Amino acid sequence: MRHILELIRARNLVMIVLSQALVQACLLAPELEWHRLQDGRFWLLVLSTVCIAAAGYIINDYYDVKIDAINKPGRLLVGRLIRRRRAMFAHLILSGTGVLMGLLLSIPVALINLGAVLLLWGYSARLKKMLLIGNVVIALLSASMLLVVAVYADQLNRITLGYALFAFLISLIREIIKDIEDMKGDASFECRTLPIVAGMRGAKLVLYPLIVAFQVFVTVVILHPASNGIFDAYMVLLVLLPSAWLVVKLVRADRKRDFTYLSNLNKLIMFSGILSMLLL
């Protein structure tokens, strides 16, 4: 069971559930409304998203067996502890289940879920090896995880779009950092990720303006007249300042473990940003 939970990235799936629950309760109404979480169809939406995300992690590991043997040999599961055929079967079942659940909810949700399945397959098979395209795909999928809740409720608003932009930017930054972290294995299999094409220094030169754009966005949100003091203080302390520390550490980073630290710091910033919905 432990290996299965590792394969589907159970902790990341918990983050997805939390994120969508907070969008449902905090962003789709003027005030916090926990009773919105009693909607059984909403949890069907969450389950469909979790199935598709889990399938995405499986198919990514399926295609990355050789690369992962170099980048993270101690965490290699598919092909070592889990047969590749079983992994592919689980991917197909989970993906199909996610799309069918979406179809039970609405055509737009089904189309979003189907698009996510196709993008995750394309990303794992080819797109992740291409310059920046794979990074943008994952960032878009991170944003769509939040947007699909509003699309299902037919209540797409500026606050939800703002959090989707937050998720897009912070995910894009993290994906590029992960590419630097995994340069050795990726280069062995002719991937053309940003750090392989432009070098570590070139990748950093792309990251700096992206982080600045993220910080400018967060600052604009903090200075918005509609935001409250508690929310502003929270965002400064737990999102803006950590992102500044991210820049400091990025300047000095030159080893794999440095970029592992930066990737984890990035996840912490994302988690803090998601929790800020409670303060709106």
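Small disclaimer: the values here were computed from a predicted structure and weren't measured.
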Chemist: If hydrophobic residues (ILVMFWY) are linked whenever their side-chain heavy atoms come closer than 4.5 Å, directly or via other members, who joins I52 in its cluster?
Modeler: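 Answer for I52: V99, L114, V117, L118, L119, L120, Y123, L127, M130, I133, V137, I138, L141.
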
Chemist: Once rounded to the nearest 0.5 Å, what's the spacing between atom OH of Y62 and atom CG of L77?
Modeler: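 Rounded to the nearest 0.5 Å, the OH-CG separation comes out at 15.5 Å.
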
Chemist: Can you hop from V136 to I173 via hydrophobic side chains spaced under 4.5 Å?
Modeler: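 The answer is yes; both residues are in one hydrophobic cluster.
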
Chemist: Any pair with a residue in residues 46-60 that passes side-chain hydrogen bond (donor to acceptor under 3.5 Å, both in side chains), sequence neighbours left out, goes on the list, sorted by first then second residue, please.
Modeler: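 Matches after skipping sequence neighbours: N12-Y57, Q20-T49, S48-N113, N60-K128.
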
Chemist: Would the distance check show the side chain of S243 and the main-chain N or O of L240 forming a donor-acceptor pair, the cut-off being under 3.5 Å?
Modeler: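 Yes.
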
Chemist: Please check this pair: side chain of R192 against backbone of V197, looking for a donor-acceptor N/O pair closer than 3.5 Å.
Modeler: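 Side chain of R192 to backbone of V197: no pair is present.
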
Chemist: Can you check side chain to side chain contact (heavy atoms under 4.5 Å, CB included) on F166 and L146, steps first, answer last?
Modeler: CA-CA 10 Å; F166 172 93; L146 303 180; over 6 Å; no

Chemist: Roughly how far, to the nearest 0.5 Å, is the CG atom of L207 from the CD atom of E175?
Modeler: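 Atom-to-atom, E175:CD and L207:CG are 11.5 Å apart.
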
Chemist: If you define the side chain from C-beta out and look only at heavy atoms, does anything of C191 sit under 4.5 Å from I196?
Modeler: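 Touching, per the 4.5 Å side-chain cut-off.
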
Chemist: Got Q215 and I211 here, is their nearest side-chain heavy-atom distance under 4.5 Å?
Modeler: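 Contact flag for Q215/I211 side chains = yes.
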
Chemist: Would a hydrophobic clustering, with Ile, Leu, Val, Met, Phe, Trp and Tyr connected at side-chain separations under 4.5 Å, put V218 with V220?
Modeler: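 As far as the 4.5 Å side-chain criterion goes, V220 and V218 are not connected within one cluster.
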
Chemist: Does the distance from a Lys or Arg side-chain N to an Asp or Glu carboxylate O, for E181 and K178, drop under 4.0 Å?
Modeler: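 Judged by the 4.0 Å cut-off on N to carboxylate O distance, E181 and K178 do not form a salt bridge.
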
Chemist: Would you check, one step at a time, whether the test side chain to side chain contact (heavy atoms under 4.5 Å, CB included) holds for L27 with L22?
Modeler: CA-CA 7 Å; L27 302 189; L22 289 177; over 6 Å; no

Chemist: Rounded at 0.5 Å granularity, tell me how far CG in L165 sits from CZ in F217.
Modeler: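 Those atoms lie 4.5 Å apart.
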
Chemist: Apply side chain to side chain contact (heavy atoms under 4.5 Å, CB included) to residues I170 and R174 and explain how you reach the verdict.
Modeler: CA-CA 6 Å; I170 199 69; R174 182 167 184 262; 5.9 Å; no

Chemist: Of all the heavy-atom pairs spanning M270 and S171, show the shortest one and how long it is.
Modeler: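 Of all heavy-atom pairs spanning M270 and S171, the closest is CE-OG, 3.3 Å.
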
Chemist: Got a second to check how far M101's CE is from R41's CZ, nearest 0.5 Å?
Modeler: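 The CE atom of M101 sits 12.5 Å away from the CZ atom of R41.
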
Chemist: What I want to find out is whether K256 reaches D182 closely enough, with some N-O distance under 4.0 Å, to be called a salt bridge.
Modeler: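 So K256 pairs with D182 through a salt bridge.
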
Chemist: Say whether S19 and Y163, considering side chains only, have a donor N or O and an acceptor N or O under 3.5 Å apart.
Modeler: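 S19 vs Y163: no donor-acceptor pair found between side chains.
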
Chemist: So which heavy atom on I93 is nearest to which on T97, and how close?
Modeler: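 For I93 versus T97, the nearest heavy atoms are O-OG1, 2.7 Å.
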
Chemist: Are the side chains of D258 and K249 in contact, using a 4.5 Å heavy-atom criterion?
Modeler: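 A side-chain contact under 4.5 Å is absent here.
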
Chemist: Between M88 and H91, is a side chain to side chain contact (heavy atoms under 4.5 Å, CB included) present by the stated rule, with each step listed?
Modeler: CA-CA 5 Å; M88 176 59 76; H91 161 76; 4.0 Å; yes

Chemist: Please check this pair: side chain of W43 against backbone of L37, looking for a donor-acceptor N/O pair closer than 3.5 Å.
Modeler: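 Yes, W43 side chain to L37 backbone: donor-acceptor pair under 3.5 Å.
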
Chemist: Can you confirm whether more than 12 heavy atoms, excluding those of Y208, are under 6.0 Å from its OH atom?
Modeler: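 More than 12 within 6.0 Å, yes.
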
Chemist: Of all heavy-atom pairs between L265 and P242, which one has the smallest distance, and what is that distance?
Modeler: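 Heavy-atom minimum between the residues: CD2-O, 4.0 Å.
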
Chemist: Is I159 linked to L161 within one hydrophobic cluster, defined over Ile, Leu, Val, Met, Phe, Trp and Tyr using a side-chain heavy-atom separation of less than 4.5 Å?
Modeler: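 No; tracing contacts between hydrophobic side chains, which count when under 4.5 Å, never links both residues.
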
Chemist: Measure the CE-CG distance between M235 and L237 for me, rounded to the nearest 0.5 Å.
Modeler: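 Going from the CE atom of M235 to the CG atom of L237 covers 11.0 Å.
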
Chemist: If you look at every heavy atom in K204 and L250, which pair is closest and at what distance?
Modeler: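 Heavy atoms only, the tightest pair is NZ-O, 2.9 Å.
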
Chemist: Nearest heavy-atom pair of W34 and A25: which atoms, and what distance?
Modeler: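 Of all heavy-atom pairs spanning W34 and A25, the closest is CE3-CB, 3.8 Å.
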
Chemist: Please confirm whether the backbone N or O of V239 pairs with a side-chain atom of S272, one donor and one acceptor, at under 3.5 Å?
Modeler: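 No, because the side chain of S272 does not come within donor-acceptor range (under 3.5 Å) of the backbone of V239.
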
Chemist: Would a hydrophobic clustering, with Ile, Leu, Val, Met, Phe, Trp and Tyr connected at side-chain separations under 4.5 Å, put L103 with F42?
Modeler: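 No; F42 is not reachable from L103 via cluster members.
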
Chemist: Mark yes when over 12 heavy atoms from residues, nucleotides or ligands other than N228 sit less than 6.0 Å from its CG; otherwise mark no.
Modeler: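 Above 12, so yes.
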
Chemist: Got a sec: does the CG of L47 have more than 12 other heavy atoms crowding it under 6.0 Å?
Modeler: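 More than 12 within 6.0 Å, yes.
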
Chemist: Hey, are the side chains of L278 and C26 touching, using non-hydrogen atoms and a 4.5 Å cut-off?
Modeler: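 A side-chain contact exists here, since the closest heavy-atom pair is under 4.5 Å.
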
Chemist: Between S263 and N266, do the side chains contain a donor N or O and an acceptor N or O under 3.5 Å apart?
Modeler: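 Judged by distance alone, the side chains do not pair up.
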
Chemist: Let me confirm one number: the OG1-CZ distance from T260 to R257, rounded to the nearest 0.5 Å.
Modeler: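 Result: 10.0 Å between the selected atoms.
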
Chemist: For R9 and L7, indicate whether the former's side chain and the latter's backbone hold a donor-acceptor pair under 3.5 Å.
Modeler: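 Judged by distance alone, yes, a pair lies under 3.5 Å.
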
Chemist: Using the side-chain contact (heavy atoms from CB on, under 4.5 Å) definition, which of the options D179, D254, I180, I176 pairs with F259?
Modeler: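 Going through the options one by one, the only one that passes is I180.
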
Chemist: If every non-hydrogen atom of V65 is compared with every non-hydrogen atom of R84, which pair is closest and at what distance?
Modeler: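 It is CG2-NE, 3.9 Å.
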
Chemist: Is there side-chain contact between Y152 and D39, with heavy atoms separated by less than 4.5 Å?
Modeler: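 Sidechains of D39 and Y152: in contact.
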
Chemist: Do any N or O atoms from the side chain of Q24 and from the backbone of R36 form a donor-acceptor pair under 3.5 angstrom?
Modeler: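 It does hold such a pair.
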
Chemist: So do D232 and V236 actually touch side chain to side chain, heavy atoms under 4.5 Å?
Modeler: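 Not touching, per the 4.5 Å side-chain cut-off.
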
Chemist: Under 4.5 Å between any side-chain heavy atoms of L131 and T193, yes or no?
Modeler: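 L131 vs T193: side chains apart.
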
Chemist: Shared ILVMFWY cluster between L140 and I59, side chains joined below 4.5 angstrom?
Modeler: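 Different clusters.
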
